[in-house]
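Written out below as structure tokens is the structure these notes cover.
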2 protein chains.
Amino acid sequence: MPNHENTETVRDKAQEARPLDAFDRRILGELAVDAGLSYAELGHRAGLSAPAVHERVKRLRATGRIRGTVAVLDGPTTGKPFLAFVHVDSTGWGKTQELLALSELPEVEEIHSVAGDTCMLLKVRCASSRALEGLLARLYALPSVKATRSYVVLSTFLERTPQAGITSALEEAPLVAPPGDVSG
Amino acid sequence: MPNHENTETVRDKAQEARPLDAFDRRILGELAVDAGLSYAELGHRAGLSAPAVHERVKRLRATGRIRGTVAVLDGPTTGKPFLAFVHVDSTGWGKTQELLALSELPEVEEIHSVAGDTCMLLKVRCASSRALEGLLARLYALPSVKATRSYVVLSTFLERTPQAGITSALEEAPLVAPPGDVSG
DNA sequence: CAATTGCTCCGAATGAGATTCCTTTCTTCA
DNA sequence: TGAAGAAAGGAATCTCATTCGGAGCAATTG
């Protein structure tokens, strides 16, 4: 009699808990920079055949590692040259629902809740300084919004989506010895 | 006698100063959400034929409105669950070259210079809190870096690339009457 | 006012590439 | 040692991107 539990475990592992081997990471790295590559070219760079990379990409999409494929628009030349980060101090934890409604505005690109001396952090891109003012007006119109601090971007030197690479060197050589790590 | 200046103006306008008509904006809007659409489907949504949208997309790419097509990776499931915004106070204006070298790290996603009580703003995504610490260590290793303030993201509610839509309502109804706009 | 020029659209044809199928190989488990 | 599952590669198919030619429209010129 076959072992069902074992089978299911194997299936689950294949579906979601796979730890991203070198092929996967290479594929992700290339696609995060240019999703217009052909599967043949992608396979050439990764050292696989076209059907093989196709299968892997399909799985990476299915498991959510690849959230989607998008065209990256240029803010200034598409009519929105004003970029700003807005820190929002709000009262009443959980009243963030109001802020989330701002997702409907195409000007709002990111909404995060952060730890630090502020509560929420927004990234917004507007057509004019007046539009930015209007956006701040909408923010202040929310009852829970106590204060905001805006950081208007003067120059953007780098702006990209999440990359696949991981710099292992960053995890080495801690600044201070961890507890119990007594040297000498 | 033909007007050469006029001719050149027309040509320049066609090449770069075209003001993005409704078709273009519709196409950009769709592609910014899903670049995997077929030209036939895209043409159907925009009210054009496949060759027509193909021509427009080609022009939007050539003129830089579309900067590229990328696969959007999911940070947590691709091994980088730690997201943070780092404000950097640096001395010596123009010493930002050192900071730009950080572009080589795949953990660094954005580098902006901003107006406000800080100089530079970084968006970084790391594999661990230790890696984030290592990144800050690299920052402090730069001679021009005076201080940093980090905002670690607890939850991300919205995160997307620049959208094509423009909310015209944001530009209306100014909070205060502009100079000279005397009412009554 | 008429004609020409340039631009952009559409429909059809062609070619490239995505997708599928099938076989082989390697690993894993009984 | 044998069996089973996973994954890769080669070949075939089929969708779709891309190109070509012709028509409509606007602006410009004679």
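In what follows, chains are A, B, ... by sequence order, proteins preceding strands, each numbered from 1.
- The CG atom of A/Leu42 lies 9.0 Å from the CZ atom of A/Arg26; values are rounded to the nearest 0.5 Å.
- In this structure, CG in B/Leu99 is found 11.0 Å from CG in B/Leu121, a value given to the nearest 0.5 Å.
- Atom CG in B/Leu42 sits about 13 Å away from atom C1' in D/dC16, given to the nearest Å.
- One hydrophobic cluster, built from ILVMFWY side chains closer than 4.5 Å, cannot hold both B/Tyr151 and A/Leu122; they sit in different ones.
- What separates CZ of A/Arg56 from C1' of D/dG9 is a distance of 13 Å, to the nearest Å.
- Following rounding to the nearest Å, A/Tyr39 (OH) and D/dC16 (C1') show an atom-to-atom distance of 14 Å.
- Atom pair A/Glu55:CD and C/dT25:P shows a separation of 20 Å (rounding to whole Å applied).
- In this structure, A/Ser38 reaches the sugar-phosphate backbone alone: every heavy-atom distance under 4.0 Å involves primed, P, OP1 or OP2 atoms, never a base.
- Within the 4.0 Å cut-off from OP1 or OP2 of D/dA7, not a single side-chain nitrogen or oxygen of A/Lys58 is found.
- For the pair B/Phe23 CZ and C/dT8 C1', the interatomic distance rounds to 11 Å; values are reported in whole Å.
- Taking 4.0 angstrom as the limit, A/His54 places a side-chain polar atom (N or O) nearer than this to OP1 or OP2 of C/dT19.
- When rounded to the nearest whole Å, the span between CG of B/Leu37 and P of D/dT15 equals 18 Å.
- Here the rule is side chain to side chain contact (heavy atoms under 4.5 Å, CB included) with A/Val124, and of A/Ile111, A/Leu132, A/Leu105 only A/Leu132 fits it.
- Ranking D/dA11, D/dA7, C/dC9 by closeness to the A/Pro51 side chain, first place goes to D/dA11.
- For the pair A/Arg59 CZ and D/dA6 P, the interatomic distance rounds to 10 Å; values are reported in whole Å.
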